[in-house]
Protein chains: 2
Amino acid sequence: MSDDALEHSELTFLLGMAFQLLLAEFARRLNATGHADLRPVHGMTFQALRGPGATSSELAERLGVTKQAAGQIVDDLERRGYVERTPHPAGGRRKLVVLTGKAHEHLLAAGRTLHELEAQLTERLHEAGLHVPRAELAAIIRVLAGDDIPPLRPVW
Amino acid sequence: MSDDALEHSELTFLLGMAFQLLLAEFARRLNATGHADLRPVHGMTFQALRGPGATSSELAERLGVTKQAAGQIVDDLERRGYVERTPHPAGGRRKLVVLTGKAHEHLLAAGRTLHELEAQLTERLHEAGLHVPRAELAAIIRVLAGDDIPPLRPVW
DNA sequence: ACATCAAGTAAAGCGGCTTTACTAAGGAGA
DNA sequence: TCTCCTTAGTAAAGCCGCTTTACTTGATGT
């Protein structure tokens, strides 16, 4: 497939391909740093719980899954020492799910890896006289979703 | 989330979000035209079988799944009248899977829908003084995949 | 006290894929 | 020709990650 063929592909295809390749490369690099036991959904969970933490139900909403699914993810991460269920200040049945140090470490490593990858990509684009199409992608998202952006679904 | 916030998001996030939204809108419109019983993987199957058709194993390769999975997809589509298994000219156990008229109709409808959607999107971008970032996306794909582009995985 | 509501959990189901294991049909070499 | 290897296809089971259905538990308001 030549560059020419690629440029004449559907926008939808180009977006999907670029996304999947970028995500795969990110995962490859992250695994190489020793974090091989976590999938994208876990990384997104960490993002969603950063700072004050959240309840399972809040997590479910942020991830765009049922609260049962969120509960299962929390079960799994708790077993493996990435999160803890602590009593919720607001009381009730609520439990506040918070990140452990282990999760914070992972967040840091993931952030570093992603920024490095994107920086290298930016450089390659600049070498080719192209820019990173942030504004264009943001505009596409705006056009399609308006003001309430739904969760990015953590599919592979 | 403001435009500003969006533009400062990770490139990976922007790509994923744009892709998922575009695909969802495409599916929404296609369903509205009465083709509600097919998922992206089926559309990709139709693309892969267009023209002379292919064997299940070839289909598997083009979709990036096992040949058993491809066989199951073909079973399903055959039951619903979208494809047929015909004797393969090269003989052996091979069977040539070919599209029926019903599948060609769907391909046409899907093509029309997608082009219309992308054309509208292009117009909106132009109104905002932006272009469709084909070259940029193609370059990203090139950088990450080199010359052999793997199949776009049909995840939702 | 009682109804109601929200958070959480438990269990089963399910879709779509992989893994494992097998059958069927050539082709090549002794 | 007989056997071996290769390739296409199929069958069955397993599995992962999610949803659906149904329940329990605690707080709130009247």
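Model, not experiment: these values are computed from the prediction. Numbers restart at 1 for each chain; the letters A, B, ... are given by sequence-line order, proteins then strands. The analysis underlying the following values was restricted to heavy atoms, covering all of them including side chains, and did not include hydrogens, waters or symmetry mates.
Residues meeting the ring pair (Phe, Tyr, Trp, His ring centres under 6.0 Å) test with A/His131, sequence neighbours left out: B/His131. Considering only residues two or more places apart in sequence or on other chains, A/Thr12 meets the side-chain hydrogen bond (donor to acceptor under 3.5 Å, both in side chains) condition with B/Glu118. For B/His106, the ring pair (Phe, Tyr, Trp, His ring centres under 6.0 Å) partners are B/His35, B/Phe46, not counting sequence neighbours.
Through direct or indirect side-chain contacts shorter than 4.5 Å among Ile, Leu, Val, Met, Phe, Trp and Tyr, B/Val98 is connected to B/Leu96.
The distance from atom CG of A/Asp76 to atom P of C/dT9 is 14 Å, rounded to the nearest whole Å. The CD1 atom of A/Ile73 sits 14 Å away from the P atom of C/dT9 (whole-angstrom rounding). The NE2 atom of B/His88 sits 8 Å away from the P atom of D/dG9 (whole-angstrom rounding). Here the P atom of nucleotide D/dG9 and the CG atom of B/Leu96 are 9 Å apart, to the nearest Å. When the P atom of D/dT6 is taken as reference, atom CZ of B/Arg94 falls 16 Å away, rounded to whole Å.
Listed in residue order, the members of residues 48-65 of chain A having a heavy atom less than 4.0 Å from DNA chain D are A/Val65.
Applying the 3.5 Å distance criterion, the base of C/dA25 shares no donor-acceptor pair with the side chain of B/Arg93.
Sequence order on DNA chain D of the closest nucleotides to B/Lys67 and A/Lys67 puts B/Lys67 first from the 5' end.
Within the 4.0 angstrom heavy-atom criterion, no nucleotide atom of any strand lies near A/Gly71.
The 12-atom threshold is exceeded at CD of A/Glu78, counting heavy atoms of other residues, nucleotides or ligands nearer than 6.0 Å. Under a cut-off of 6.0 angstrom, the local environment of CZ in B/Arg124 is sparse, with at most 12 non-hydrogen atoms contributed by other residues, nucleotides or ligands. Enclosure of atom CD in A/Glu10 by more than 12 non-hydrogen atoms of other residues, nucleotides or ligands within 6.0 angstrom is indicated.
Here the NE2 atom belonging to B/His8 is positioned 8.5 Å from the CZ atom belonging to A/Arg134, to the nearest 0.5 angstrom.
The side chain of B/Arg85 places an N or O atom within less than 4.0 Å of a non-bridging phosphate oxygen (OP1 or OP2) of D/dT10.
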Would you mind building the protein contact string for nucleotides 12-17 of chain D? One character per nucleotide, 5' to 3', B for base within reach (heavy atoms under 4.0 Å), S for sugar-phosphate only, - for untouched. -----S
